[in-house]
Amino acid sequence: MNYILEMKEITKSFPGVLALDKVNFRVPKGKVMALLGENGAGKSTLMKILSGVYQKTSGKIYFKGREVNFNSPREAQNSGIAIIHQELNLIPELTIAENIFLGREPINILRKIDKKQLYKRAVELLEFLGVKENPQKKISELSIGKQQMVEIAKALSLDAEIIIMDEPTDALTDKETVNLFKVINTLKTEGKSIVYISHRMKEIFEICDYVTVLRDGKFIGEKSIEEINEDDLIEMMVGRKLTEQYPRIEINLGKKVLEVKNLSNELISDISFDLYEGEILGVAGLMGSGRTELARTIYGAIKAREGEILLDGKKLNIKSPSDAIKYGIAYVSEDRKGDGLVLGMTVKENMSLSALNKFTGLFGYINKSKEIKSSKEYVEKISIKTPSINQTVKNLSGGNQQKVSISKSLMTKPRVLILDEPTRGVDVGAKKEIYDLMNEFKKQGMSIIMISSEIPEILGMSDRILIMHEGRLSGILNIKDATQEKIMKLAVGIKEA
Amino acid sequence: MNMNLSKVMKYKSIIGLVLFSIIISILNPRFLTVGNILNILRQTSINSIIAAGMTFVILTGGIDLSVGSILALTGAYAASMVSAGLNPFLAVIITLVIGAVIGILNGVIISKGKVQPFIATLAIMTFARGATLVFTNGKPISIGYEKNAEIFSKLGSGYFLQIPIPIYIMILVFALGYYILKYTRLGRYIYALGGNEEATKLSGISTDNIKLYVYGISGLLSALAGIIITARLSSAQPTAGTGYELDAIAAVVLGGTSLAGGVGSILGTIIGALIIGILNNALNLMDVSSYYQFLAKGLVILVAVLLDRKQK
Amino acid sequence: MNMNLSKVMKYKSIIGLVLFSIIISILNPRFLTVGNILNILRQTSINSIIAAGMTFVILTGGIDLSVGSILALTGAYAASMVSAGLNPFLAVIITLVIGAVIGILNGVIISKGKVQPFIATLAIMTFARGATLVFTNGKPISIGYEKNAEIFSKLGSGYFLQIPIPIYIMILVFALGYYILKYTRLGRYIYALGGNEEATKLSGISTDNIKLYVYGISGLLSALAGIIITARLSSAQPTAGTGYELDAIAAVVLGGTSLAGGVGSILGTIIGALIIGILNNALNLMDVSSYYQFLAKGLVILVAVLLDRKQK
Amino acid sequence: GCGAKPAEDGKEKIGLVVSTLNNPFFVTLKEGAEAKAKELGVELIVLDSQNDPAKELANVEDLLTQGVSVILINPTDSDAVGNAIKRANEKNVPVITLDRGANSGEVVTHVASDNVAGGTMAGEFIVEKLGGKGKVVELEGIAGTSAARDRGKGFNDAISKSDIEVVARQVADFDRTKGLNVMENILQAQPEIDAVFAHNDEMALGALKAIEASGRNIIVVGFDATDDAVKAVKEGKMAATVAQQPSLIGSLGVENAVKIIKGEKVADFIPVELKLITK
Ligand SMILES: Nc1ncnc2c1ncn2[C@@H]1O[C@H](COP(=O)(O)OP(=O)(O)OP(=O)(O)O)[C@@H](O)[C@H]1O
Ligand SMILES: Nc1ncnc2c1ncn2[C@@H]1O[C@H](COP(=O)(O)OP(=O)(O)OP(=O)(O)O)[C@@H](O)[C@H]1O
Ligand SMILES: O[C@@H]1[C@H](O)[C@H](O)CO[C@H]1O
Ligand SMILES: [Mg+2]
Ligand SMILES: [Mg+2]
C-alpha cells in the first residue's frame, strides 16, 4: 500500500495532561482514513500537530516519504495539507469569498486584489459543494451550518493532497452531508487523501475506507472498514461493549406544563405548541429553519414581538434569560464556544454560573464547599473527562465542553430544559450518558425540548416531534406516527393532512 | 494546575518587586527606612485606590478614562462643602455618592446606550473636566481653616498609631475588593462577563447591571481618591487628576490583569501600583533628572510586562 | 445588504456633519466662508493624519497611545536638522523614517513580545516623551531663518493654488490609506486580524508582520504630522502632541470604526476628524468660554456615537 | 532633628521642586539655580511636579526623606502647595518659594516677579499703543494656574480704565500650537482686532504665526521674554514682552538658601525686576 502520510510514535503533552502517547497514524493515498475515539482521546490534537498548529513533544512525521516538521499552519498548507478545524475559524465581517481565499487572494500587477477572479473562483467552489449562497455575503449573516460549508470550501480551495476534516458534519443537516460525501468521492478519484473525524458511526461506514482508533491518547488499532462492524468499533473506542443507542423510555404524559401561543418575531412566526410533564419534545428542521430562534425566544434571549408563554396555565413575563431561569426554564446553547461557555473559567465556575444563587448567602457570599460538591457530582454523573473541577474549560476536549455546558443548565434544576443540539460533537459513549440523564430527569417529571439535526436521535428520544420550516411550524408528529420520511417532508415544507 | 500557575505568577511579580527594592536600597540606604516606606505607601494610596476601581472595570473587559476628571470634580465638591462648614463626615458621604452616580452614568451609557467604554468614558472625562472648571471657575478651592476642615484634612494628612490614615483606607479598599472579587457572586459575574459576555448573558445574568456596578465602583473609588487628595492638599485643584487614568491602567496591567477582561486579580493591582510608586520615589531619591525619569519609567513598564506576560 | 448598510452608515455621519455645519453657520455667518473652511481643513490636517494611522492600528484591534510623543520627538529632530542647515527634503525623509522605526518598535514589542498594545504604546509614549525632553532640554527648537528653513516651513504654512499645502498632504494620506485598506492584501489582512486573530493565523497569514506594518504606518504618519506642525510653527515644542492620542482615537471612533477591530473605514475617520475640527473652530468662533467648551465637546462626542452606534 | 544636617559627602543638599520642566521658562529658572549651586559648592536636587500638586507634595516628602537642608519650591498652585510646605515645617526644613507664592505654611522668603504687576504692565502698554481704545484678544494660560489668573487680573484692571474692549478671551494652555489654532479661529470670527495679549510668549508666538498668515496688522504682547520672543520683538514682529528673569529667580533662590544654612538673615520678600521689552 502506498502511504502518503505516516506519523510515528507521536507524543504530545500539555501542562498536566499527556494528550498523545506514542501514537501511530498513517493515511493511504487516494483513500479516506477515519480517525475515531472518545471525547478527549487526542484526535484534534494529533491533527493540529500535523497541520502545524501545535508542535509535537516527540515522534516523527513522514509526508510523501520525507520526514517533515511544520512550524506554522502556512508551512503545512504550502506542503499540501489542508484542515477543517473542529471549531469554526472564520472572520465574521469578511465575505464568504474573502474568507475562502484569505491569505491567498489573487492579485494583479498593481498588487490590487483581483475581485473578479476572487468571486468567480468562489462561485465555482460553492457550486461544487452545492451551496446556494452569494459569495459577497458576510459570514456573520450565515447560519452555523453554512459557515461550516464555507470552511469546507476554504480547505478545498487549497487544492491540497491531504484534507483533514475534524467533525465536518457536526453542524450540517442530512442534505449538506450528502453533498459533502459526493465531494469526498470526487476528491478520492482525483487521488486526494482524506482524514475523517466524526462521532457519527453511520457516516464512518458510508464514506471511510480505513479506521484508526485512539483511546486516552494511545493508539488502539487500525482496521479496514470491511473487516469490522459497528459494535466492534464502538468497543475499540470505549473499551467495553455498548448497545442500544437510544434508550427511550415510555411514560404516560403528565399534566400540561408549558404552553406557547402564537409566538412571533423577525425570525419565527406564529408558533404554538404544548409541552407536558415528563415529555421530550424533539424539534426538527433544516438548517436555518428557526429552531434556535424559537428556543431563544422562549428563553428570553430574543425578544418576542407577539404571542405568549404560559407555565402551569399562568402567563409568564419573560424579558431576559434571568427571568426564564427564575420560572424554571433553562437553555443549553448549540454554540458552546461562542455563547455556551466562558472558556477561560474553570469547569466548576462554568457549571455553577447559572445557578449561583443557589450557592450564595449573605451579601452574595459564595458557599464554595457547596459549589464544589455540586460540581463534582455532575462531573461524575455524566463522566466529564477532566483532571479536576478546577481545569480551565478551554483545555477540555470538545465533547467534554459540551457536557459542562449541559451541567450548567441542569444545576438550575429546571422544570423545562431546552437542549439545542445537545450531542453535537459528543462521542457515542457520552451520548448514551446524556440520553440516560435525559431519561432520568424525564422520570422525575422534567419536560425537555430537544432541538437536533440528527433525525435518528430525534426519532430515538422524542415522545413527540415538532417540525419547523422557514420560521413556521409545519407539523407536530406523535412518535408512533413519525418516520424519517415524514419528518423530511415537513421539514422541506410539504404539508400533508 | 491552574491555581499553581496563578500562584507562581503572583510570586513572580512579588519577587520582581522585592528584587527591585533590594537594588534600590543598595543604591540608596535611605530607601529602606520605616519613614520612607510609609511615605511610599501614602503616595501610592491615591493611584492604588483608583486602580482598584479600574481593576473591576478592566476585569469586565471595559476601561474607565474618566477617573481623573471624577477625582477633580468630586474633590472640588468636597472642598466647597467643607469650606461651607458642612460636617466632614456628611461631606465625605455626599462626595462618594456623587462619584458613584457619575460612575453609574458611565455604566448606563455603556450598557443601555451600547457605546464602547473607551469612548463613553472619554466623553464623560471631557464633560466632567468642563464641569469642574465651571464649578471652580478655574480656581482652586481651599477647604478653609475651620474645625471641620481640620478633621477633614486628617483623612489625607492624619496618623493613627503612627501610620498615615490614607494607608488604612487603601488597605480597607483592597481587602473589600479582594473579598468581592474572590468570594461573592458579583465577583464571579465580573470575571464571567469579561471572559465571554454572550455566554454570561445566556446564563441568565444581567450583564447590564454588572456594568452599572463596576463603573459605579470605579466612580466611587475615584471620589474616595479625590477626597484623600483634597484632604492631603487642604485644597481642590481644577486640574487635579489629569493623566491619572493612565497610571491606574498601568498599575492594573503591571499587576497581571488582561485588558481583554476575564483574567487578573486585585492583589496584582496593588503590586503594580507599588512598582510605580517605588519607581517614582526611587528615581527622586537617586536624584535622576525628571527627563530621564520618563525614560526610566517607560523602560520599567516595558520590562515589567515583558517579564510578566503569559507564555503563549 | 452589507453594502447598503455601510452606505447608509456613511451617509448618516455625513448627514450629521452637514446638519451640524448648517446650525453653526446660522449661529455664526462667518463659519461658512471659504477662508474659514480652508482654515478648518488646515487645522484638521494634523489630527486627521494621525487618526489615519490610528485607523490602521484600531482596525487590527490594537491601539497606539504613542502618537503624540512620536510627533514631538520627530518634530524636534526635524527642527534640529533643518536649523543645522540640512536639505529640507532630506530632513523630511529622515524624520519619516525615524517615525516609522519607532512605530515598528511598537509593533515588535506587541507581536514578538506579546505585550498588550495599550501598555506597549503607553511605555513607548512615556519613553519618547522623555527622549524629546532630553533632546530638546525642555526648550523649543527653532528651525532657523535660512533658505532651507523657509522651504521647510512651506510644508506647514505654504499654499498651492491658494489652498494650504497641509490640505494636499492630508488628502494624499487618505487616498493612499483608502487604497491600501480597500484594494490590497495588506488591507484585507488588517480587517481579518481585527476580526479574528486566531482564524487569520490559521489561514497561514503572519499576523506579526501585519502588526509591524500598522504600527509602522502609525509611527510614520505621526512623524508626518510632526513635520507639518513644526513647519507651521517654524519651531518644535517639547510638549507638542500631548493628549493628541485621545483626539485621534475619538476621530476614528466617531468615524464608525470599532475599537474591537475588524470593522470600519478610513473615510469615516476623516469625517470624525472634521467633526472634532469643526467643533473646536465653532466654539472658538462663538467665543464660548473654554470651560464650557469641555462640556460641549463631551456632549457632542456622546451624541455622535449614540447616533452612530449599530443596532444591537 | 533631620533638618540642617550635612550630606554624607560633606556637601549641603538643597532641594528644588519645579512646577514643570516642559516649559522653557522653568528650564531657565532651573539652570540659573544649578549654576549658582555649582558656584557655591552645594548639591542641588531638582524634582519635577509635572503641574500636579499631588506629585509636588510627594516630591517634597521624598526630599525630606533625603535629608535636604533647605527646600526651594516653585509651586504648581499657591493654595495647594500649603500642606507640602507644612510638612517641611514639621521637619524644621526651611522653605523658599520661587516665582509663585504660597497661601499657607511658613516660608522663609519668596523670590518672584509680581505677575499682577506684569499683567498691568502689558495692559498699560497696549492702552498707550492703541490710544485708549480698540479691540483686543486675551489668550489665557492653563486654566487654574496662578500665573494665568494674576496676569489676567493685572491686564484687565489696566484696560478697564480705558475704552478698550476684549472681543475674545480664550484659553490656550501656555502652549504654542494651541495659541496658533485658537488665534486662527478668532481671526475668522473677529473682523476687527487691534491687539493680542498672551499670558506667555509661547502662546504669543503661536498667535503671531496665525496673524502673519492672515496678513492683518495686529499688535502682539507676550510675557516671559524667552529667546524666541525677544528675537521677534527685535525684528519688529512682536510689539513687546514682559521680561521676567527666571534665571535670576533661580539663582537668588539658591543664594538665599545658602545664607539660611549659614544662619544669616534674609528678607521675607525678594522681588525680581520685571521689564517691558520693546523694540
Ligand atoms: N491547549 C491545551 N491545553 C491543555 N490540555 C489540552 C489542550 N488541548 C487539548 N488538551 C487535552 O488533550 C486531550 C485531547 O484533546 P483533543 O481535543 O485532541 O480531543 P479529541 O479527541 O479531539 O476530542 P473531541 O472528540 O471531544 O473533539 C484532552 O484531554 C484535552 O483536555
Ligand atoms: N446573526 C445572524 N444574522 C443574519 N441572519 C441570521 C443570523 N443568525 C441566524 N440567522 C438566520 O436566521 C434563520 C434562523 O436561524 P436559526 O439559527 O434559528 O436556525 P436553526 O434552525 O437553528 O438552524 P441551525 O442548524 O443553523 O442552528 C436562518 O435563516 C439564519 O440564516
Ligand atoms: O511665570 C511662568 C511663565 O510665564 C510660564 O510661561 C507659565 O507659568 C508661569 O508661572
Ligand atoms: Mg476534537
Ligand atoms: Mg440551531
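Letters A, B, ... are given to chains in the order of the sequence lines, protein chains preceding strands, and every chain is numbered from 1. Side chains included, hydrogens not; waters and symmetry mates left out as well; all remaining heavy atoms used.
- For chain B, no part of Glu56(D) is nearby; none of its heavy atoms comes within less than 4.5 Å.
- Contacts of Ala231(B) with chain D are made by backbone atoms alone, with heavy-atom separations under 4.5 Å and no side-chain atom involved.
- Interface remark: Leu63(D) contributes no atoms to any contact with chain B (heavy atom separation under 4.5 Å).
- Annotation: residues 33-41 of chain B contacts chain D through Asn36(B), Asn39(B) [non-hydrogen atoms, separation under 4.5 Å].
- Within a 6.0 Å sphere centred on OH of Tyr159(B), other residues, nucleotides and ligands contribute more than 12 heavy atoms.
- When heavy atoms are compared at a cutoff of 4.5 Å, Asn28(B) approaches chain D solely by way of its side chain, counted from C-beta outward.
- Residue contact with chain B, scored on non-hydrogen atoms closer than 4.5 Å, is absent for Val17(D).
- Taking both residues in full, the closest heavy atoms of Arg149(D) and Pro140(B) are given as NH1-CD, 3.1 Å, listed atom of the first, atom of the second, then distance.
- Expressed to the nearest 0.5 Å, how far CD of Glu34(D) lies from OG of Ser289(B) amounts to 8.5 Å.
- Atom CD of Glu90(D) has more than 12 heavy atoms from other residues, nucleotides or ligands within 6.0 Å.
- We find the CD-CG distance between Gln66(D) and Asn281(B) to be 8.5 Å, quoted to the nearest 0.5 Å.
- When each of Arg232(B), Gln43(B), Arg42(B) is checked for a side chain to side chain contact (heavy atoms under 4.5 Å, CB included) with Leu57(D), only Arg232(B) meets the rule.
- Around atom CG of Asp227(D), no more than 12 heavy atoms belonging to other residues, nucleotides or ligands sit under 6.0 Å away.
- Counting non-hydrogen atoms of other residues, nucleotides and ligands closer than 6.0 Å to NZ of Lys153(D) gives a total of 12 or fewer.
- In this structure, CG in Leu285(B) is found 5.5 Å from CG in Asp62(D), a value given to the nearest 0.5 Å.
- One finds the CG atom of Asp77(D) at 9.0 Å from the CG atom of Leu233(B) (value rounded to the nearest 0.5 Å).
- Residues of residues 290-301 of chain B lying under 4.5 angstrom from chain D, judged on non-hydrogen atoms, are Ser290(B), Tyr291(B), Gln293(B), Phe294(B) by number.
- Pro53(D) and Gln237(B) get closest at one heavy-atom pair: CG-CG, 3.3 Å.
- Both the backbone and the side chain of Ser234(B) come within contact range of chain D, each with at least one heavy atom under 4.5 Å from a heavy atom of that chain.
- Looking at heavy atoms from C-beta onward, Thr242(B) lies out of side-chain contact with Asp52(D) at the 4.5 angstrom threshold.
- The line from CG of Asn83(D) to OG of Ser235(B) is 8.5 Å long, rounded to the nearest 0.5 Å.
- Put simply, of Asp48(D), Ile45(D), Val18(D), the one with the most heavy-atom pairs under 4.5 Å next to chain B is Ile45(D).
- Residues Ser157(B) and Arg87(D) form a side-chain contact, since some pair of their non-hydrogen atoms from C-beta on lies under 4.5 Å apart.
- Residue Leu47(D) holds its CG atom at 10.5 Å from CG of Asn280(B), rounded to the nearest 0.5 Å.
- Within the 4.5 angstrom heavy-atom criterion, only side-chain atoms of Ile229(B), from C-beta onward, approach chain D.
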